[in-house]
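Have a look at the structure below before the remarks.
Along the sequence shown, residues are numbered consecutively beginning with 1.
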Amino acid sequence: MIDIQLLRNDLDGVERKLKTRGFDFPVSGFRELEDQRKRIQSDTEYFQSQRNSLSKQIGQAKAKNDQKLVDEMMVEVAEFADKLKKMEVENATIQQRLREFVSLIPNLPHESVPIGSSSEQNVEQRRWGTPRSFAFPVKDHVDVGTPLGLDFETGAKLAGARFAVMKGRLARLHRAIAQLMLDVHTAEHGYTEVYTPYIVSSECANGVTSLAKFKGDLFKIEDRDLYLIPTAEYPVTNFVRGEILPLEALPMKFACHSPCFRSEAGAAGKDTRGMIRNHQFDKVELVQIVHPSKSYESHEELTAHAEAILKKLDLPYRVVTLCTGDTGFAAAKTYDLEVWLPGQNMYREISSCSNFEAFQARRMQARFRNDKGRPEPVHTLNGSALAVGRTLVAILENYQNADGSVTIPPALRSYMGGAEKIARP
């Protein structure tokens with residue numbers, strides 16, 4: 001969540017920045033809660049002062065052996081004690097209401113984020129690779145993959161729409177893609193591989209985003225306070241929840257391969273064909289926990305690590321900076337990597353790499369001891385490196401051949417027993 005002290009000290013400035021995200025900040029609601037908090041604080045200080053004054057007077061009365069006055073003042077002290085208990089309850093209530101209020105406010109965009117209201121205002125940063133020219137009619141991944149073992153009918157039979165089954169060498173290629181990513185990120189980029197639960201508590205979910213706002217996007221376990229993870233960001237970032245890390249522990253870098261589960265409640269009718277937007281898909285997620293002074297340097301590094309996979313697979317892509325209106329709830333800045341899909345004749349997102357600054361850390365109470373020994377929030381970052389299913393989609397479309405086979409990218413052949421192509425069985 002955003003820093004509540006920033007709200008108190010620069011409410012107008014926060015409101016202006018949030019408007020660039022399309023968020024209508026309820027200023028009057030915050031001011032009302034703050035007025036209540038200040039009243040409770042003022043009343044508490046007054047009652048404490050009165051009780052302390054009476055306690056001093058009681059001592060003086062006892063020295064004079066004036067028991068009657070002592071008894072009268074003891075009654076008053078007890079009344080002030082009751083009032084202070086009431087103030088303590090009211091303060092806990094207003095602090096909880098403030099936390100809930102602030103927890104629904106999105107992160108403030110970094111100053112380098114372009115201002116815009118939708119993806120149309122996202123800014124392209126760079127491109128890599130040249131889209132292939134085909135001497136035959138290009139097919140999309142569904143038409144290429146179905147004869148090779150991509151089975152949507154069985155997926156629908158098992159679980160309904162937006163699920164897929166993969167068979168034979170296509171299933172092996174899907175596994176090989178994930179293995180390549182893990183090997184590169186651990187051996188070349190310095191990440192520690194981790195394996196985590198695929199289910200998290202509401203506390204974990206609320207630590208990385210607003211569960212109240214996005215609960216509809218998750219699959220909930222019936223009658224349990226548990227959710228299927230939409231990304232490994234949820235469990236991995238929560239490694240540091242409630243922790244105060246030593247300075248020397250930073251940076252922390254984790255790579256996690258996991259299935260991801262999303263209800264796609266807000267995406268009805270979008271990308272219904274194929275594997276672009278399924279309820280279940282695999283992803284290799286990168287998470288970094290870093291010193292605040294290093295987070296934007298780390299953001300560039302993490303993004304380059306995701307790009308490295310696309311380069312190894314020789315898949316043309318571009319990098320765009322998301323504008324304020326297209327940036328996710330918790331992110332201060334996001335780069336999207338968009339891979340070229342010839343079957344759609346366009347670039348499509350394959351990775352989002354985000355810097356959350358201290359936003360998630362405040363929600364999780366994740367801190368480190370700075371060089372003065374004082375606790376302060378860490379900065380958190382994550383990015384897909386990459387979405388495995390979408391990488392498979394990109395390979396099927398970019399490496400398709402006229403005879404219906406698909407050439408296996410050289411970087412993956414060692415994982416495929418040396419095979420150079422996947423062909424119809």
Side-chain angles (χ1 to χ4, degrees), residues 127-156 161-181 183-184 270-278 280-284 306-320 336-351 384-425:
R127 294 190 182 199
W128 185 91
T130 302
R132 174 185 168 190
S133 295
F134 293 84
F136 56 88
V138 176
K139 299 177 181 179
D140 72 2
H141 69 282
V142 177
D143 291 334
V144 174
T146 298
L148 303 179
L150 185 57
D151 185 350
F152 293 101
E153 288 186 8
T154 303
R162 295 184 187 264
F163 288 93
V165 167
M166 284 173 271
K167 301 173 182 176
R169 304 192 78 177
L170 194 71
R172 181 171 180 175
L173 179 60
H174 183 266
R175 172 164 54 91
I177 292 167
Q179 190 62 58
L180 170 72
M181 293 175 187
D183 286 351
V184 170
K270 295 181 180 179
D271 296 310
T272 55
R273 177 176 168 83
M275 295 179 63
I276 294 295
R277 198 180 295 272
N278 280 0
Q280 176 184 317
F281 58 94
D282 277 32
K283 190 149 64 78
V284 172
E307 290 181 70
I309 302 298
L310 291 169
K311 290 177 179 177
K312 285 181 181 293
L313 296 174
D314 198 18
L315 292 170
Y317 70 91
R318 68 176 188 169
V319 180
V320 299
D336 267 8
L337 275 60
E338 298 179 349
V339 68
W340 176 253
L341 296 183
Q344 297 188 30
N345 196 38
M346 64 187 300
Y347 289 95
R348 294 298 304 267
E349 178 199 339
I350 196 169
S351 170
S384 307
L386 301 162
V388 179
R390 291 196 181 189
T391 305
L392 178 64
V393 167
I395 290 172
L396 291 178
E397 294 196 8
N398 283 277
Y399 283 88
Q400 62 181 288
N401 300 309
D403 63 1
S405 66
V406 172
T407 299
I408 299 171
L412 291 170
R413 291 175 186 173
S414 63
Y415 300 96
M416 297 292 292
E420 296 183 3
K421 289 185 179 181
I422 295 180
R424 185 194 298 261

Worked check of side-chain contact (heavy atoms from CB on, under 4.5 Å) between I276 and R390: CA-CA 6 Å; I276 294 295; R390 291 196 181 189; 3.6 Å; yes
Heavy-atom check, side chain of Y415 versus side chain of R175, under 4.5 Å: no
Shortest non-hydrogen contact between R413 and A419, atoms and distance: CG-O, 3.3 Å
4.5 Å side-chain heavy-atom contact, N278 and R162: yes
Whether S351 side chain and S384 backbone form a donor-acceptor pair below 3.5 Å: yes
D143 side chain vs T146 backbone, donor-acceptor pair below 3.5 Å: no
From CG (D403) to NZ (K421), nearest 0.5 Å: 5.5 Å
Criterion side-chain contact (heavy atoms from CB on, under 4.5 Å) on L392 and V388, from CA distance to verdict: CA-CA 6 Å; L392 178 64; V388 179; 5.7 Å; no
Q400 side chain vs K139 backbone, donor-acceptor pair below 3.5 Å: yes
M181 and I177, any side-chain heavy atoms less than 4.5 Å apart: yes
Atom of V339, atom of A394 and distance for their closest heavy-atom approach: CG2-CB, 3.8 Å
Residue from L150, L148, T154 passing side-chain contact (heavy atoms from CB on, under 4.5 Å) with K167: T154
L313 vs N398, side-chain contact (heavy atoms from CB on, under 4.5 Å): CA-CA, chis, key distance, verdict: CA-CA 10 Å; L313 296 174; N398 283 277; over 6 Å; no
Reported CG-to-CG distance for the pair L386 and L310, which is rounded to 0.5 angstrom: 5.0 Å
Intermediate values then yes/no, side-chain contact (heavy atoms from CB on, under 4.5 Å), E397 and W340: CA-CA 9 Å; E397 294 196 8; W340 176 253; over 6 Å; no
Heavy-atom closest pair, residues G417 and R172: N-NH2, 3.2 Å
CG on L341 to CZ on R348, rounded to 0.5 Å: 7.0 Å
M275 side chain reached by F281 side chain, heavy atoms, under 4.5 Å: no
Rounded distance (nearest 0.5 Å) linking atom CG of L315 with atom CD1 of I395: 6.0 Å
Least distance between heavy atoms, F136 atom then N401 atom: CZ-C, 3.6 Å
Contact summary for V144 and L396, nearest pair of heavy atoms: CG1-O, 3.7 Å
Shortest non-hydrogen contact between Y317 and V319, atoms and distance: CE1-CG2, 3.8 Å
Plane angle bin for F152 and H141 - parallel if under 30°, tilted between 30 and 60°, otherwise perpendicular: perpendicular
Side-chain heavy-atom pair D314, P409 within 4.5 angstrom cut-off: no
